[in-house]
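Structure first, commentary second.
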Amino acid sequence: MKVLQITGGKELSGTIRISGAKNSSVALIPAAILADVDDVTICNVPEITDTDVLSDILTYLGADVRRASESIVISPGSIQNREIPEELAKRLRASYYFMGALLGKYGHVEMYFPGGCSIGQRPINLHLKGFESLGATIEIIGDKYIVDAKELHGANIYLDFASVGATINIMLAAVKAKGTTVIDNAAKEPEIVNIATFLNNMGAKITGAGTSEVKIVGVSQLKGCFHEVIPDRIEAGTYTIIGALVGHYLKIDNIIPEHIEALTSKLLEMGVELEIGSDYLIVNRPSKYRPVNMTTLVFPGFPTDLQQPFTVLATRCDGKSTIEETIYENRFMHIPYLNKMGAKIEVSGSVATVYGPTPLTGTEVEATDLRAGAALVTAALIADGKTTITNINHILRGYENIVEKLTDVGAKIEEVEI
Ligand code: EPU
């Protein structure tokens with residue numbers, strides 16, 4: 001079994017370079033199959049297990065996939081519309097983007113319910129509602145979805161919740177539909193803009209991405225293109241939180257500062273020293289942290305994906321902080337482990353109340369999901385003594401070269417086989 005062993009208390013300085021966004025890449029790779037002619041080249045793709053699995057699915061479907069470090073070249077010419085094995089589909093959440101992409105290309109898809117972190121129920125009803133509005137019929141057999149359309153046509157689709165996945169999946173299915181589709185109450189996350197730009201580079205006609213109304217005028221053909229993945233705002237935010245705890249002029253480089261403004265404004269409110277440049281920030285830990293109240297929201301609100309590492313920061317605050325999770329029902333799985341390390345956090349429904357400051361002590365903890373894992377790495381870096389984190393596959397799904405990146409700035413962290 002592989003574990004991470006971290007000895008806390010080291011000051012971190014130097015530069016951490018942020019990789020391409022996981023949540024963009026995992027949609028761009030499936031979207032590539034929509035190209036009717038020419039290769040698709042996507043660069044700045046992080047080397048993490050989630051992007052590896054998606055490349056495996058593409059290869060399984062018959063695409064020629066060539067990967068050279070952070071670039072991936074996909075020739076979709078020889079793709080066949082085959083059912084993706086359940087085992088592959090369940091290895092990550094983003095396998096569901098093959099639903100929209102295969103439906104958009106072939107008018108038919110057979111897919112299993114996706115996997116991903118256990119942080120709540122995570123239904124896909126809004127994706128299915130979108131496909132139905134575009135003219136598809138849906139049959140559900142056990143865990144398998146058979147989605148079929150004689151012809152996809154444009155439609156007006158209102159999303160009850162501004163879902164990232166549903167917005168992207170509907171864009172993928174609608175991009176070649178006959179007529180115009182309008183998604184109302186669309187998600188506004190930067191990843192949506194990145195995917196829409198990619199599809200437009202392929203010849204699609206999408207406007208309004210990044211606002212709550214996305215308009216897609218269907219086109220008959222799409223071609224390959226060259227595209228760059230945006231920097232990962234959640235990786236950037238995670239390392240910024242770490243810098244706020246143990247950073248001494250720690251530079252977080254290759255970021256889009258506007259994408260993490262909800263975090264940086266909270267950090268400033270807490271007394272963290274930040275210098276924000278055009279594509280970087282420099283963070284210093286303060287001697288005292290003011291307590292905060294934070295609520296997760298859809299973009300541009302505070303991202304749920306940073307809630308778990310942010311909770312660790314609250315353990316350092318002078319007094320009572322509250323953290324409210326509004327996006328998922330079950331994203332507090334890191335808290336029992338933080339309490340085991342010495343934190344004093346009470347959970348009541350969707351609110352965690354953190355009483356600080358409390359020193360943390362190293363012990364054995366388990367990464368129950370990706371961002372819980374990021375929170376435990378963060379906690380281990382400030383804890384007294386050694387922390388052993390198990391179930392680290394979750395962490396490696398989403399953070400490229402995390403051990404190397406932290407080691408390079410002075411952390412004592414090792415991946416060990418026990
Ligand atoms: N929801 C529904 N029905 C749907 C779709 C979503 O009820 O059809 C609910 C979900 O259950 C959840 C909420 O709406 O409670 C938000 O879901 P959303 O669809 O926006 O999220 P997602 O597409 O499943 C992506 C990221 C998540 C990130 C969220 C929110 C990927 C692969 N995943 O998930 O990333 O938390 O958007 O920003 O892009 C992570 O990286 O750790 C992660 C979980």
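Remember, it's 1-based here, ligands and their atoms both numbered in the order they're listed. Excluded from the calculations below are hydrogen atoms, water molecules and symmetry mates; all remaining heavy atoms, backbone and side chain alike, are included.
Using a 30° and 60° split on the angle between ring planes, His334 and Phe332 fall in the tilted class, from 30° to 60°. Ring geometry for His227 against Phe198 counts as perpendicular: the plane angle is over 60°, on a 0 to 90° scale with 30° as the lower cut.
In this structure, ligand 1 sits under 4.0 Å from heavy atoms belonging to Lys22, Asn23, Val26, Arg93, Tyr96, Ile119, Arg122, Pro123, Ile124, Asn125, Leu126, His127, Phe161, Ser163, Val164, Gly165, Thr304, Asp305, Ile327, Tyr328, Arg331, Leu370, Arg371.
In this structure, the separation between NZ on Lys215 and CD1 on Ile206 is 12.5 Å, given to the nearest 0.5 Å.
In this structure the side chain of Tyr112 never reaches within 4.5 angstrom of the side chain of Glu87, judged on heavy atoms.
A salt bridge is defined here as a Lys NZ or Arg NE, NH1 or NH2 lying under 4.0 Å from an Asp or Glu carboxylate O, and Glu400 with Lys22 fails to meet this definition.
More than 12 heavy-atom neighbours from other residues, nucleotides or ligands sit within 6.0 angstrom of NZ on Lys90.
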